[in-house]
Amino acid sequence: MAEFPRQYVFPDPLVHISSTSINSVMCYVNSSPGSAVFPTANLAIFVPFRIGRPMTISSLFALNGAAVSGNIDLGIYSADGTKIISTGSTAQAGTSVMQAISVTSTQIGAGLFYLAVAMDNTTGTLIRWAPGAAPISKMIGLAQMATAFPLPATATLATVANAYVPDIGCTGRSVV
Amino acid sequence: MSTFPITVMEPLPTIHTYSIEAIGQAVFNLGAVSMANATSQAWPTANLAIFVPFFVSKPITFSTLFTYNGATASGNIDIGVYDSAGTKIVSSGSTAQAGTSAIQTFSVTSTQIGAGQYYLALALSSTLGTIFNNPLTSASHARSTGMAQQATALPLPATATFASITNGTIPYFGLSTRSFV
């Protein structure tokens, strides 16, 4: 019997998907991350990622920087800007550590998505990459939305204004 | 017994010269070259076209191409997409280079390309015009990635005649499947 036609398949997602994953953007940039204040209060930053097989998400996480303040909201959006899941407004807690926040267990299918983060102040910090200048953040596919805290049900994606690629991610493993 | 079809993966919203779909992985392996270390470089030869191969594993539709212009804008740019045989699929046409140290976007006719291998193509009319890029240590390294060039190719020709690349620079340009970059 003839074999079904095959097409290229990207590698399966590892346990975690984050900005550093081969599934996302930072594999292109190869620079060192550091702690920096969130660029604008209530701004949402969207980091694209893609998976070739369905994945169940049960936690979202951010790598906090040297100072925490106010609240953070983490989420996952579909490619058209529809929110799939989010943590809701949560006090940012824990300096220089990963902050993992549980969400309702949600399966996302193969395809293109966005990791999203918004903060309500510019005192709190995240670990981020500053890849040269804002144009590179644009080239690798980031997007943003102003006045987007808490994360809206529908995002209106716009071109980014900052060279700020946050270290954020998601996982389905109980141990983050 | 037949094999089940395998789900393919969407490209990210942008495909650019450093994408995994293009030559990004090869470039990183050629000497710790990071997108973050881009520098503004003059276009090597007036009217030279540089072709950078990329693939997509499923159809995509785009209407925006872009360059990351360097510190000086001069002359005209033509940016486009070719199929693997060197046939031009779409291009911006000769357009004044505008904006320094910034992304310049070029609107093209909404175009769908199927799964397969293609080339991103870029030509500048002047060696005064600059594009951000990363220099490799040699043109041979650039050749090993599958890049190609054609002299006297602005505006971009309907059919490319690929020649071996003679410069070791990787310019920053690409396409976006969104209306913005």
Side-chain angles (χ1 to χ4, degrees), chain A residues 1-13 21-33 46-55 78-81 109-114 129-144 156-161 163 165, chain B residues 1-22 24-25 27-28 32-40 55-60 64 66-70 99-105 114-117 132 134 172-181:
Chain A
M1 182 177 291
E3 194 170 282
F4 257 71
R6 287 174 172 263
Q7 292 176 283
Y8 291 110
V9 177
F10 208 77
D12 281 352
S21 298
I22 197 170
N23 306 75
S24 187
V25 297
M26 282 313 297
C27 55
Y28 300 125
V29 181
N30 191 30
S31 66
S32 297
F46 299 87
V47 180
F49 72 96
R50 62 273 186 74
I51 53 175
R53 298 186 188 279
M55 179 180 179
S78 62
D80 67 358
L112 175 65
F113 302 90
Y114 289 93
W129 291 266
I136 293 179
S137 296
K138 297 180 184 185
M139 278 186 63
I140 61 178
L142 265 67
Q144 70 173 43
T156 303
L157 302 179
T159 187
V160 292
V165 184
Chain B
M1 179 175 290
S2 62
T3 305
F4 253 74
I6 297 173
T7 303
V8 299
M9 179 173 289
E10 293 275 347
L12 292 178
T14 59
I15 296 175
H16 52 83
T17 48
Y18 282 77
S19 293
I20 284 176
E21 287 91 342
Q25 190 60 48
V27 168
F28 294 148
V33 176
S34 167
M35 285 186 71
N37 296 331
T39 57
S40 175
F55 76 90
V56 289
S57 57
K58 65 180 297 182
I60 62 167
T64 302
F66 64 89
T67 58
Y68 182 11
N69 289 347
T100 56
S101 299
I103 298 288
Q104 180 175 1
T105 58
Q117 193 251 302
F132 270 91
N134 262 315
Y172 286 23
F173 65 107
L175 63 85
S176 175
T177 58
R178 298 181 303 212
S179 60
F180 64 92
V181 179

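Any value given below was found using the heavy atoms of this structure, including those in side chains, with hydrogens, waters and symmetry copies removed. Each chain gets a letter, A, B and so on, in the order the sequences are listed, and its residues count up from 1.
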Determine the minimum heavy-atom distance between [X] and [Y], stating which atoms define it.
{"X": "Ala38(B)", "Y": "Ile136(A)", "result": "CB-CD1, 4.4 Å"}
{"X": "Thr14(B)", "Y": "Ile140(A)", "result": "OG1-C, 3.5 Å"}
{"X": "Ala102(B)", "Y": "Pro135(A)", "result": "CA-CG, 4.1 Å"}
{"X": "Leu12(B)", "Y": "Ser24(A)", "result": "CD1-O, 3.7 Å"}

Mark yes or no for whether Arg178(B), through its side chain, and Gly141(A), through its backbone, hold a donor-acceptor pair below 3.5 Å.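 Confirmed, Arg178(B) side chain pairs with Gly141(A) backbone.
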Using non-hydrogen atoms and a 4.5 Å limit, figure out which bit of Ser176(B) sits close to chain A: side chain, backbone, both or neither.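 For Ser176(B), neither part sits under 4.5 Å from chain A.
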Where does [X] contact chain B at under 4.5 Å (heavy atoms): side chain, backbone, both or neither?
{"X": "Leu157(A)", "value": "both"}
{"X": "Ala158(A)", "value": "backbone"}
{"X": "Phe113(A)", "value": "neither"}

Can you tell me how far apart [atom1] ([X]) and [atom2] ([Y]) are? Round to the nearest 0.5 Å.
{"X": "Thr105(B)", "Y": "Lys138(A)", "atom1": "OG1", "atom2": "NZ", "result": "9.0 Å"}
{"X": "Leu112(A)", "Y": "Ile60(B)", "atom1": "CG", "atom2": "CD1", "result": "11.5 Å"}
{"X": "Met139(A)", "Y": "Tyr172(B)", "atom1": "CE", "atom2": "OH", "result": "7.0 Å"}

